[in-house]
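Single-structure report; data block below.
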Amino acid sequence: METRSAPLRIRLYHREQKKGIFSEIPNFLLINDNNILIGRGFNCQLKLKDARVSRCHAILEPYLDKDKTCLQFCFKNLSTKSKIKINGLRLRYLQQIPLTLTNRITFCGFQMEINVEPGISLEDCQCVVTVSESPLYHEAEAEETDEQDMTHELEEQTKAIHLR
């Protein structure tokens with residue numbers, strides 16, 4: 001069996017994937033100059049069956065820089081309600097970010113890793129999509145703090161400084 005050249009690779013993970021969340025995900029996508037729409041809507045190329053995901057949640061957009069023949073990609077947040085993090089940075093509604101060689105994206109409990117090979121040509125660009133059985137990466141949980149306790153501690157420290 002011949003393997004197709006796929007300079008763009010997308011890996012997906014969700015802890016509840018056995019509930020059919022990825023049941024309509026294709027193994028290959030032909031990109032050329034087409035966008036890859038991500039969401040739960042009928043027109044999405046990467047359809048995620050989860051009510052927390054917007055119908056049109058995000059988009060992966062190929063583009064050509066001026067005077068270049070190699071495709072580059074940016075990732076854009078189309079969701080007004082959901083937080084999307086890409087490589088640790090929060091992407092707000094309608095913000096976009098150019099992709100690097102390896103990109104880690106999280107939203108609505110999903111983990112997505114997009115790997116982009118340099119020098120992708122516009123003609124016959126393939127994207128391979130795979131689903132992982134285990135988490136793609138570990139995210140450190142932010143430590144929760146009580147804002148009132150912190151304010152109280154700050155007031156106590158300020159009083160102690162003034163009493164000296």
Side-chain angles (χ1 to χ4, degrees), residues 1-63 71-118 120-147 149:
M1 184 168 123
E2 185 182 324
T3 32
R4 292 181 160 172
S5 167
L8 188 67
R9 298 188 181 280
I10 299 176
R11 290 180 27 189
L12 299 163
Y13 170 80
H14 192 283
R15 66 173 181 238
E16 296 177 7
Q17 64 193 31
K18 291 185 177 163
K19 294 181 179 179
I21 289 173
F22 299 127
S23 64
E24 294 186 37
I25 298 290
N27 292 327
F28 290 99
L29 293 170
L30 184 60
I31 297 172
N32 291 338
D33 57 351
N34 298 317
N35 298 328
I36 297 176
L37 192 56
I38 302 162
R40 60 181 169 79
F42 71 93
N43 59 337
C44 293
Q45 289 79 17
L46 289 181
K47 194 177 294 188
L48 306 173
K49 293 181 158 188
D50 186 315
R52 295 173 293 175
V53 175
S54 301
R55 276 179 254 141
C56 296
H57 201 89
I59 193 165
L60 182 61
E61 298 179 312
Y63 65 95
L71 275 180
Q72 295 184 349
F73 297 88
C74 68
F75 193 88
K76 186 175 188 177
N77 182 1
L78 301 177
S79 175
T80 57
K81 297 177 185 175
S82 176
K83 295 178 186 177
I84 294 179
K85 277 189 169 181
I86 182 162
N87 298 329
L89 300 171
R90 184 170 178 205
L91 208 55
R92 298 189 189 283
Y93 175 61
L94 295 181
Q95 280 186 320
Q96 64 185 17
I97 188 167
L99 294 184
T100 59
L101 295 178
T102 300
N103 305 274
R104 293 178 168 180
I105 302 164
T106 56
F107 59 92
C108 301
F110 288 87
Q111 289 184 346
M112 177 184 288
E113 185 176 85
I114 300 176
N115 293 301
V116 182
E117 284 185 22
I120 300 174
S121 72
L122 183 60
E123 298 145 4
D124 198 35
C125 179
Q126 294 284 324
C127 174
V128 173
V129 183
T130 56
V131 175
S132 175
E133 296 285 324
S134 56
L136 302 176
Y137 42 87
H138 175 73
E139 281 193 303
E141 296 283 326
E143 188 177 313
E144 289 189 30
T145 57
D146 187 356
E147 197 172 308
D149 288 345

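Excluded from the calculations below are hydrogen atoms, water molecules and symmetry mates; all remaining heavy atoms, backbone and side chain alike, are included. Starting from 1, each residue takes its place in the sequence as its number.
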So, does [X] use its side chain to make a donor-acceptor pair with the main chain of [Y] at under 3.5 Å?
{"X": "Q17", "Y": "S132", "value": "yes"}
{"X": "S54", "Y": "C56", "value": "no"}
{"X": "N35", "Y": "I59", "value": "no"}

Looking at side-chain heavy atoms only, is the closest gap between [X] and [Y] below 4.5 Å?
{"X": "L29", "Y": "V128", "answer": "no"}
{"X": "I97", "Y": "L89", "answer": "yes"}
{"X": "I25", "Y": "L46", "answer": "yes"}
{"X": "I84", "Y": "T106", "answer": "no"}
{"X": "T102", "Y": "I114", "answer": "no"}
{"X": "F107", "Y": "K83", "answer": "no"}
{"X": "N103", "Y": "E113", "answer": "no"}
{"X": "P26", "Y": "Q45", "answer": "no"}

So does [X] have more than 12 non-hydrogen atoms from other groups sitting under 6.0 Å from [atom1]?
{"X": "E133", "atom1": "CD", "value": "no"}
{"X": "R55", "atom1": "CZ", "value": "no"}
{"X": "Y63", "atom1": "OH", "value": "yes"}

Closest non-hydrogen atom pair, [X] against [Y]:
{"X": "L48", "Y": "R40", "result": "O-CB, 3.1 Å"}
{"X": "H14", "Y": "D50", "result": "NE2-OD2, 3.8 Å"}
{"X": "L136", "Y": "Q111", "result": "N-OE1, 2.7 Å"}
{"X": "A58", "Y": "L37", "result": "O-CD1, 3.5 Å"}
{"X": "Q95", "Y": "R90", "result": "OE1-O, 3.8 Å"}
{"X": "L91", "Y": "F75", "result": "CD2-O, 3.6 Å"}

To the closest 0.5 Å, what do you measure between [atom1] ([X]) and [atom2] ([Y])?
{"X": "Q96", "Y": "K76", "atom1": "CD", "atom2": "NZ", "result": "5.0 Å"}
{"X": "I21", "Y": "R52", "atom1": "CD1", "atom2": "CZ", "result": "7.0 Å"}
{"X": "L78", "Y": "I38", "atom1": "CG", "atom2": "CD1", "result": "9.0 Å"}
{"X": "L60", "Y": "M112", "atom1": "CG", "atom2": "CE", "result": "8.5 Å"}

With side-chain contact (heavy atoms from CB on, under 4.5 Å) as the criterion, how do L12 and T130 come out once you've worked through the C-alpha distance, each side chain's angles and the decisive distance to 0.1 Å?
CA-CA 6 Å; L12 299 163; T130 56; over 6 Å; no
Pair F22 + F110: ring centers closer than 6.0 Å:
yes
Does the pair C108 and H57 meet the rule for a side-chain contact (heavy atoms from CB on, under 4.5 Å), with working shown?
CA-CA 10 Å; C108 301; H57 201 89; 3.7 Å; yes
Assess the residue pair I10 and C127 against the criterion (side-chain contact (heavy atoms from CB on, under 4.5 Å)); give the C-alpha distance rounded to whole Å, side-chain angles, the decisive distance to 0.1 Å, and a yes or no.
CA-CA 7 Å; I10 299 176; C127 174; 3.6 Å; yes
Starting from the C-alpha separation in whole Å, work towards a yes-or-no answer on side-chain contact (heavy atoms from CB on, under 4.5 Å) for I86 and L99.
CA-CA 9 Å; I86 182 162; L99 294 184; 3.5 Å; yes
